[in-house]
Amino acid sequence: MENITAKTPWENFMGGVPMHLDYFDGSMYDAVKAIAEKYPNNVAFVFMGK
């Protein structure tokens, strides 16, 4: 497979924002569960007011 590169003329105007972001490697359930375990006294998720 051929590598494709794109021009990024906006890169010099991004300030402190990185060009690439690392995302959580898991499901939404995994993310909510991890936060609920890390902060057990806080609300981890609100759905329809509950």
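What you see is a predicted model; the values in this text were computed from it and never measured.
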task = Using atom types as modelled and distance alone, determine if a side-chain donor or acceptor of Ser27 lies under 3.5 Å from a backbone N or O of Asp30.
result = yes
query = Mind checking whether Tyr23 and Leu21 have side chains closer than 4.5 Å, heavy atoms only?
reply = yes
ask   = Would the number of heavy atoms belonging to other residues, nucleotides or ligands and lying under 6.0 Å from CZ of Phe13 be above 12?
value = no
key: Val46 side chain reached by Lys50 side chain, heavy atoms, under 4.5 Å   = no
ask   = Is the number of heavy atoms from other residues, nucleotides or ligands within 6.0 Å of CE (Met19) greater than 12?
value = yes
